[in-house]
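Here the structure is laid out as structure tokens; the discussion comes afterwards.
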Amino acid sequence: MKSFLLTNLSLRSATVSFEEFVKQYPHEWLVWEAGNWRPPARQTLMVPMQAVPVTPAGPPSKTPIEKSKEGLALALQEEPKAPYLTLGRAPDCDAWLNDGTLSGVHLHFLKTPLGAWTVRDANSRNGTLHNGAKLLPMVAVSLRSGDQLHAAQVQLSYYAPSDMFARLRGK
């Protein structure tokens, strides 16, 4: 899955028309919003001549995420090798987000035969909220532009190309 820093994508799209933007980026988007990152459960960092245990950070801040902060834009594109895209902490996920609150495979994104995207919780440990409602494990729900997903403590936003273009232009 291709990914772009929002600031980079914003610079790339600043001088092009919407039609040119869609020609270059014809897909829907998933944005990993800026927020508090939590390392995966206990790890050991190797420092010269010693091992230092790293403890997970405390609970994330309750401060609302500001849209102006940096984020990571993920291009939702079907993979011919799999029936769905995966998002989670496991390195072999299509979208690998190394956050300690995510499960190895936390979410599945599926494209319907009519071209609409759906999301389902992959029976994750910490659950997922879709626009504030808890997703049932392995039950797909349709995504609409502007939808908010909270996969454990990770905030994601889903955008159609037109709404992504508007966000990049600050509208």
Would L149 and V141 show up in the same hydrophobic cluster when neighbours are defined by side-chain heavy atoms closer than 4.5 Å?
yes

Side-chain contact, heavy-atom cut-off 4.5 Å: L102 with L97?
yes

Tell me every residue that passes side chain to side chain donor-acceptor pair (under 3.5 Å) with T7, counting only those two or more places apart in sequence or in another chain.
E70

Student check: side-chain heavy atoms of V119 and L135 closer than 4.5 Å
yes

From H106 atom NE2 to D121 atom CG, the distance as rounded to the nearest 0.5 Å:
5.0 Å

Rounded to the nearest 0.5 angstrom, the NZ-OG1 distance for K134 and T128 is 7.0 Å

Separation between CG (L72) and OG (S3), nearest 0.5 Å, reads 4.5 Å

Would the distance check show the side chain of S145 and the main-chain N or O of A160 forming a donor-acceptor pair, the cut-off being under 3.5 Å?
yes

Please round to the nearest 0.5 Å and tell me the distance separating atom CG of L74 and atom CG of L87.
7.0 Å

Would you say the side-chain atoms of Q24 pair up with the backbone N or O of F21, donor to acceptor, closer than 3.5 Å?
no

Donor-acceptor contact below 3.5 Å, side chain D94 vs main chain T86:
yes

Does the cation-pi check pass for R120 over Y84, that is, NZ or CZ under 6.0 Å from the six-membered ring centre and within 45° of its axis?
yes

Separation between CE of M164 and OG of S13, rounded to the nearest 0.5 Å:
8.5 Å

Answer with yes or no whether the side chains of R144 and Y158 bring together a donor and an acceptor at under 3.5 Å.
no

Measure the shortest side-chain to side-chain distance between H130 and H150 over non-hydrogen atoms and say whether it is less than 4.5 angstrom.
no

How far apart are the closest heavy atoms of Q148 and S157, and which atoms are they?
NE2-OG, 3.0 Å

Examine W29 together with F165 and report whether their ring centres are nearer than 6.0 Å.
no

F4, W96: one ILVMFWY side-chain cluster at the under-4.5 Å cut-off?
no

Any idea which heavy atoms bring R169 and T15 closest together, and the distance?
NH2-N, 4.3 Å

Got a second to check how far L110's CG is from E78's CD, nearest 0.5 Å?
9.5 Å

Which class fits the ring pair H27 and Y25: parallel under 30°, tilted 30 to 60°, perpendicular over 60°?
perpendicular

Can you hop from V154 to L5 via hydrophobic side chains spaced under 4.5 Å?
yes

Among T101, V105, D99, N98, which residue meets the side-chain contact (heavy atoms from CB on, under 4.5 Å) test with R89?
N98

Of all the heavy-atom pairs spanning C93 and G104, show the shortest one and how long it is.
SG-O, 3.2 Å

Path from V16 to L168 over hydrophobic side-chain contacts below 4.5 Å
yes

Side-chain donor-acceptor pair under 3.5 Å between S124 and N126, yes or no?
no

Parallel, tilted or perpendicular, judged at 30° and 60°: which one describes the rings of F109 and W117?
perpendicular

State yes or no: do M1 and L107 share one hydrophobic cluster built from I, L, V, M, F, W and Y residues joined by side-chain heavy-atom distances below 4.5 Å, directly or via other members?
yes

Closest heavy-atom contact between K23 and P26?
O-CD, 4.0 Å

